[in-house]
2 protein chains.
Amino acid sequence: MNVGEVAALAGVTVRTLHHYDRIGLLSPSGRTAAGYRRYAPADLDRLHRVLVYRELGFPLEEVATLLDDPAADPVEHLRRQHRLLLDRLERTRAMVAAVEKEMEARQMGIALTPEERFEVFGEHDPAQYEAEAEERWGDTEAWRQSQQRTRGYTKADWVRIKAEGEDVERRFAEALRAGVPADSEQAMDVAEEHRQQISRTFYDCPPGMHAGLGRMYVEDERFTAHYERIAPGLAQYVSTAVQANAARQEG
Amino acid sequence: MNVGEVAALAGVTVRTLHHYDRIGLLSPSGRTAAGYRRYAPADLDRLHRVLVYRELGFPLEEVATLLDDPAADPVEHLRRQHRLLLDRLERTRAMVAAVEKEMEARQMGIALTPEERFEVFGEHDPAQYEAEAEERWGDTEAWRQSQQRTRGYTKADWVRIKAEGEDVERRFAEALRAGVPADSEQAMDVAEEHRQQISRTFYDCPPGMHAGLGRMYVEDERFTAHYERIAPGLAQYVSTAVQANAARQEG
DNA sequence: CTTGACCCCGACGCGACGTCAGGCCGTGCA
DNA sequence: TGCACGGCCTGACGTCGCGTCGGGGTCAAG
């Protein structure tokens, strides 16, 4: 198929297909002698997946990494898409409920507090971050626990949680600056507090799992970026401290 | 409240609030002597509405016109938001169903046709255009009819419909080029066919309603653009022909 | 062999912010 | 009383996902 036909079929513009080609997200598997793009059925499969993920709010670059992951077969994608769509359904339902709640309140002449009104937006930007978290942790017990608990949190809770988190981070940063070794008692104590904070706030986080988190802090560039922005070297420092503490707790 | 507090409450960044201020979408109702933005409760109300409409896919400029419409009270906004959210719910459900259908098909070893797979995307881009159409026609009988009928259309139907539509447009364009007056019999006949096409395909369109459409073709720049792209002067030409025909049919 | 529809590529534009940079404000605590 | 530190200010430039020309080849139908 030519680009125009594919575009019409998929409900996108030709320009979009050009764009996807240029950024390497979806390059047609062939070209005619004259340079015309030729799309094979497999390309349509890929395009379809691209469009679903795009609709779900993933940036195109991440869509690419998802689709190019060699360890992800078609069924895997379908399952993931299904999960994410159900999430979205849930969220939309929540928003409908919020609007209805407000209509009722208005009818009865009472005003909602700003906190109540903004609740449905709170924190994480709509689709994106949540979509990705779900994508990564989707069917672990920890994720479910976290989802359940955090649903009940009020705005005030969140403020407190954020403050607590930043407090621990600050103490890590101070220890780092003071030259306290990452595998020292002092650093491990902060790590232990970090672990307990997570357990209290989000989900049961035994030392083993905490060690896994620690590894991620240096392997996932987003977490790395988060800590490095506080202080250079902090990501590695926290990672080491957390893993040392896990060894101590378990041993 | 200061901008930081508002941002935290609403789950947006300070930069976003700055942006909304600069483009005039949401300017805080006051400033301190030092130039700090001060947000009043009424500003929070407005922000809330902005965020809901934004989430629904409206471009900010349109959000502004919606909110600045003097003829739209709070209840009106709530009702509109409710409608749009229900739509979105519906659409998400359709996508979930599509994914489930594909999972089943895969289980049974059968392949879906590309048309089936892309069906849920087809035509109109996801949120936006639909949102706007609903916004404009939301609770008219015509809109409901159109929604009902078009739901049942297959890809093949759409191809045919598009071809028919373009045929009529082409005939208008030819008449215009040939110097046939817009209120001549010939032009009115094409207009009448246009009306019947709409009635067959989308919703009952009596002459009076058709005349309304005709007016819109020159008043709404999107329709104008559509026709002007085919031939300069065509929007006015079609508009006149349609209204002349309506007068003839009714008279 | 000429239209007119379709395709190519490059380049600029745009919406909705993100992200510095450089500098003023305000307050807690030494 | 000073000053450090977080919060706020205003430009200004960067980014993402395309839309929109402009100039130019291609291909099937008449």
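Letters A, B, ... mirror the listed sequences (proteins, then strands); counts begin at 1. Here the structure is a predicted model, which means the values were calculated and not measured.
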Next item on the list: May I have the distance from B:Y20 (atom OH) to C:dA16 (atom P), rounded to whole angstrom?
Entry: 8 Å

Notebook entry, point to check: How close or far is atom P of D:dC18 from atom CG of A:L25, stated in whole angstroms?
Noted result: 9 Å

Next item on the list: Look only at the side chain of A:S27 and the backbone of A:G24, and say whether a donor-acceptor pair between them is shorter than 3.5 Å.
Entry: no

Checklist line | Donor-acceptor contact below 3.5 Å, side chain A:R49 vs main chain A:P74 | finding: no

Check: Any luck finding a side-chain donor-acceptor pair between B:T240 and B:Q236 under 3.5 Å?
Finding: yes

Margin query: Between P on D:dG17 and CZ on A:F58, what's the gap in Å once rounded to a whole number?
Written below: 13 Å

Item checked: Heavy-atom donor-acceptor pair, A:D69 side chain to A:L66 backbone, under 3.5 Å -> no

Margin query: If we ignore hydrogens and angles and just use 3.5 Å, is the side chain of B:D43 paired with the main-chain N or O of B:P28 as donor and acceptor?
Written below: no

Next item on the list: For B:Y39, check ring-ring contact (aromatic ring centres under 6.0 Å, His included) against everything at least two apart and list the hits.
Entry: none

Note to self: Once you apply a heavy-atom cut-off of 4.0 Å, does A:T13 come out as touching a base, just sugar-phosphate, or nothing?
What the structure shows: sugar-phosphate

Checklist line | Between C1' of D:dT10 and CD1 of B:I23, the distance in whole Å | finding: 17 Å

Could you list, one pair per line, each protein nitrogen or oxygen that sits under 3.5 Å from a nitrogen or oxygen of nucleotides 9-13 of chain C, together with the distance?
{"residue": "C:dC9", "atom": "OP1", "partner": "A:R31", "partner atom": "NH1", "Å": "3.0"}
{"residue": "C:dC9", "atom": "OP1", "partner": "A:R31", "partner atom": "NH2", "Å": "3.3"}
{"residue": "C:dC9", "atom": "OP2", "partner": "A:R37", "partner atom": "NH2", "Å": "2.1"}

Could you write out each protein N or O paired with an N or O of nucleotides 4-6 of chain C at a distance under 3.5 Å?
{"residue": "C:dC6", "atom": "O2", "partner": "A:Y36", "partner atom": "OH", "Å": "3.4"}

Next item on the list: Evaluate whether atom CD of A:E5 has more than 12 neighbouring non-hydrogen atoms of other residues, nucleotides or ligands under 6.0 angstrom away.
Entry: yes

Notebook entry, point to check: Rounded to the Å, how far apart are B:R38 CZ and D:dC9 P?
Noted result: 10 Å

Notebook entry, point to check: Roughly how many Å is it from CG in B:L26 to P in C:dA16, rounded to a whole number?
Noted result: 14 Å

Notebook entry, point to check: Any side-chain N or O of B:T16 less than 4.0 Å from the OP1 or OP2 oxygen of C:dG18?
Noted result: yes

Note to self: Could you tell me how far apart B:E61 (CD) and C:dA16 (P) are, to the nearest whole angstrom?
What the structure shows: 8 Å

Next item on the list: Between B:A33 and A:A34, just flag the one whose closest nucleotide in DNA chain C comes earlier from the 5' side.
Entry: A:A34

Next item on the list: Specify the separation, in whole Å, of atom NE2 of B:H19 and atom P of C:dC14.
Entry: 14 Å

Notebook entry, point to check: Within a reach of under 6.0 Å around CD of B:E76, are more than 12 heavy atoms found that belong to other residues, nucleotides or ligands?
Noted result: yes

Check: side-chain contact (heavy atoms from CB on, under 4.5 Å) with A:L47: which of A:L9, A:T16, A:V6?
Finding: A:V6

